[in-house]
Amino acid sequence: MRNIQKNIGVNLREIRKKRGLSLDAAGDLTGVSKAMLGQIERGESNPTVTTLWKIATGLQVSFSSLIMEEPSMVHFVKSGDIQPIMEYDGKYRVYPVFPFDPTKKFEIFSVKVEPKYEHISQKHNEGVEEYITVLSGTLELEIDGKIYSLETGDSIRFLANKEHIYRNRTSDSSTYQAILYYP
C-alpha cells in the first residue's frame, strides 16, 4: 500500500470536489476544521481514527474510501506492509486490510488495542453493520449501554448506528478483526 496519508489526502479531495464542496462546507458537514481538512488533503497531517470517522460520517462515505488505493484483480496483503492509523500514541491501531470496495459493500480491518485502553467509536451511518471477531486477548464491547465480553475466537455482529465502545481491561494486548458492511 502506498503512503496512507497520501491516499487519504487524494481521496478526501476527490470526494469533496466531486460533490462541489468547499473546505468550509466540508468542515460544516464533518465537524472537522477547514484548516485540518486542508492539511489532510495536502498530506501534511496524520489524522486520528476519530477524525477519519468524523469525515466519513459527515460526508456519508465508508471509512476506507478515504484510505483506499487503485483496485487490482488480485490483492495480496502482507501484514507488515500495512500502515496503521493510530489513536492515542498507538494505543489503538487500525490496520486497513481490505479497504472498501463499492461492488462488495464491505471493508476489513485488523485492530490492536493496548492494555487498559478504551476507544469510543462514533455512531456510523444508518444500516452499517459491524462484524467483530477477537483474534487474540480479551475485548469488552459496549453497544447502546449493554456490555459484551469477548474472548479469543468469539464474534459479534451489530448495527453500528449507535455509539459503541471497545475496551481492553486486561494487562495484555487484544487484537480483533472488524468487517464493516454498508447496505
Side-chain angles (χ1 to χ4, degrees), residues 1-21 26 29-30 32 37 40-41 43 47-87 92-113 119 121-136 139 141 143-144 148 150 152-166 174-183:
M1 182 178 274
R2 68 181 177 188
N3 183 296
I4 197 162
Q5 274 63 47
K6 183 177 177 185
N7 289 359
I8 293 167
V10 168
N11 293 330
L12 175 56
R13 179 177 289 118
E14 184 176 312
I15 292 165
R16 187 176 61 77
K17 294 288 186 183
K18 279 184 181 176
R19 295 188 180 176
L21 297 172
L29 289 172
T30 63
V32 177
L37 290 172
I40 293 169
E41 285 188 4
T48 65
V49 173
T50 300
T51 300
L52 289 177
W53 273 118
K54 283 182 179 180
I55 293 169
T57 301
L59 296 178
Q60 296 187 351
V61 297
S62 71
F63 181 87
S64 62
S65 68
L66 295 171
I67 58 177
M68 70 182 190
E69 57 186 27
E70 298 282 326
S72 66
M73 294 300 285
V74 174
H75 195 92
F76 174 70
V77 180
K78 285 189 73 67
S79 62
D81 292 341
I82 302 172
Q83 293 181 338
I85 301 164
M86 294 189 275
E87 189 105 330
Y92 186 80
R93 296 188 298 276
V94 176
Y95 297 83
V97 178
F98 290 108
F100 182 72
D101 178 340
T103 63
K104 302 206 180 3
K105 298 186 177 190
F106 70 88
E107 55 193 344
I108 301 175
F109 302 100
S110 181
V111 182
K112 187 164 190 171
V113 186
H119 174 74
S121 182
Q122 301 294 317
K123 64 181 181 177
H124 305 309
N125 293 328
E126 202 66 37
V128 173
E129 296 177 8
E130 283 196 35
Y131 296 76
I132 305 297
T133 298
V134 176
L135 302 175
S136 66
L139 183 71
L141 182 56
I143 306 165
D144 203 26
Y148 301 87
L150 292 90
T152 300
D154 292 346
S155 300
I156 189 169
R157 176 192 68 177
F158 61 96
L159 287 174
N161 61 344
K162 299 170 182 63
E163 183 178 276
H164 40 287
I165 304 169
Y166 299 93
S174 179
T175 303
Y176 66 91
Q177 181 177 65
I179 299 173
L180 276 73
Y181 170 74
Y182 298 86

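Just so you know, these numbers use all the heavy atoms, side chains as well, and skip hydrogens, waters and symmetry mates.
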Chemist: Mind checking what makes side-chain hydrogen bond (donor to acceptor under 3.5 Å, both in side chains) contact with R16, not counting sequence neighbours?
Modeler: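 Per chain and number, R16 pairs via side-chain hydrogen bond (donor to acceptor under 3.5 Å, both in side chains) with E41.
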Chemist: Begin from the C-alpha positions of I156 and I143 and carry the test side-chain contact (heavy atoms from CB on, under 4.5 Å) through to its verdict.
Modeler: CA-CA 11 Å; I156 189 169; I143 306 165; 4.1 Å; yes
Chemist: What pairs with F63 under ring-ring contact (aromatic ring centres under 6.0 Å, His included), at least two apart in sequence or on another chain?
Modeler: W53, F109
Chemist: Would you say that L21 contacts L59 through its side chain, given a criterion of any heavy-atom pair below 4.5 Å between the two side chains?
Modeler: yes
Chemist: Apply side-chain contact (heavy atoms from CB on, under 4.5 Å) to D144 and list each qualifying residue two or more places apart in sequence or on a separate chain.
Modeler: K162
Chemist: Which pair of non-hydrogen atoms, one from K105 and one from P183, has the smallest distance, and what is that distance?
Modeler: NZ-C, 4.0 Å
Chemist: Any chance you could measure L66, atom CG, to T51, atom OG1, to the nearest 0.5 Å?
Modeler: 11.5 Å
Chemist: Over all heavy atoms of both residues, which pair between Y148 and L150 is shortest? Give the atoms and the distance, please.
Modeler: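 Here Y148 and L150 meet closest at O-CD1, 3.6 Å.
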Chemist: What residues form a side-chain hydrogen bond (donor to acceptor under 3.5 Å, both in side chains) with S121, not counting sequence neighbours?
Modeler: H164
Chemist: Tell me every residue that passes side-chain hydrogen bond (donor to acceptor under 3.5 Å, both in side chains) with D154, counting only those two or more places apart in sequence or in another chain.
Modeler: none
Chemist: Nearest 0.5 Å, what's the CG-NE2 distance between L159 and H124?
Modeler: 11.0 Å
Chemist: With sequence neighbours left out, what residues match K78 under side-chain contact (heavy atoms from CB on, under 4.5 Å)?
Modeler: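 Counting only residues at least two positions away or on another chain, K78 forms a side-chain contact (heavy atoms from CB on, under 4.5 Å) with F76, D81.
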Chemist: Tell me the closest heavy-atom pair linking I85 and P47, and the distance in Å.
Modeler: CG2-O, 3.8 Å
Chemist: Can you list everything that forms a side-chain hydrogen bond (donor to acceptor under 3.5 Å, both in side chains) with T175? Sequence neighbours excluded, please.
Modeler: S136
Chemist: Would you compute the distance between atom NE2 of H119 and atom CZ of R93 and round it to the nearest 0.5 angstrom?
Modeler: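 So the gap between those two atoms works out to 14.0 Å.
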Chemist: Among all residues two or more places apart in sequence or in another chain, which pass the side-chain contact (heavy atoms from CB on, under 4.5 Å) test with R157?
Modeler: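 By the side-chain contact (heavy atoms from CB on, under 4.5 Å) rule, R157 matches E129, Y131.
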Chemist: Are side-chain heavy atoms of T57 and N125 found at a separation under 4.5 Å?
Modeler: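 Yes. Closest side-chain heavy atoms under 4.5 Å.
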Chemist: Give the intermediate values and the outcome of side-chain contact (heavy atoms from CB on, under 4.5 Å) for residues Q177 and V97.
Modeler: CA-CA 9 Å; Q177 181 177 65; V97 178; 5.6 Å; no
Chemist: When you measure from the side chain of E87 to the backbone N and O of Y92, does any donor-acceptor pair fall under 3.5 Å?
Modeler: no
Chemist: Rounded to the nearest 0.5 Å, what separation is found between the OH atom of Y176 and the CD atom of E130?
Modeler: 7.0 Å
Chemist: Could you tell me which residues satisfy ring-ring contact (aromatic ring centres under 6.0 Å, His included) with Y182, sequence neighbours excluded, listed by chain and number?
Modeler: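 For Y182, the residues satisfying ring-ring contact (aromatic ring centres under 6.0 Å, His included) (neighbours in sequence not counted) are F100.
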Chemist: Keeping N7 on the side-chain end and I67 on the backbone end, is there a donor-acceptor pair under 3.5 Å?
Modeler: yes
Chemist: Output all residues satisfying side-chain contact (heavy atoms from CB on, under 4.5 Å) with K54, sequence neighbours left out; order by chain, then residue number.
Modeler: V32, T50
Chemist: Considering only heavy atoms from C-beta outward, does the side chain of I8 approach that of I55 to under 4.5 Å?
Modeler: no
Chemist: So I132 and V111, do their side chains get closer than 4.5 Å, heavy atoms only?
Modeler: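 Not touching, per the 4.5 Å side-chain cut-off.
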Chemist: Check G153 against T133 and note the closest heavy-atom contact, atom names and distance.
Modeler: O-CG2, 4.4 Å
Chemist: Rounded to the nearest 0.5 Å, what's the gap from CD on E14 to CG on N11? Could you check?
Modeler: 6.5 Å
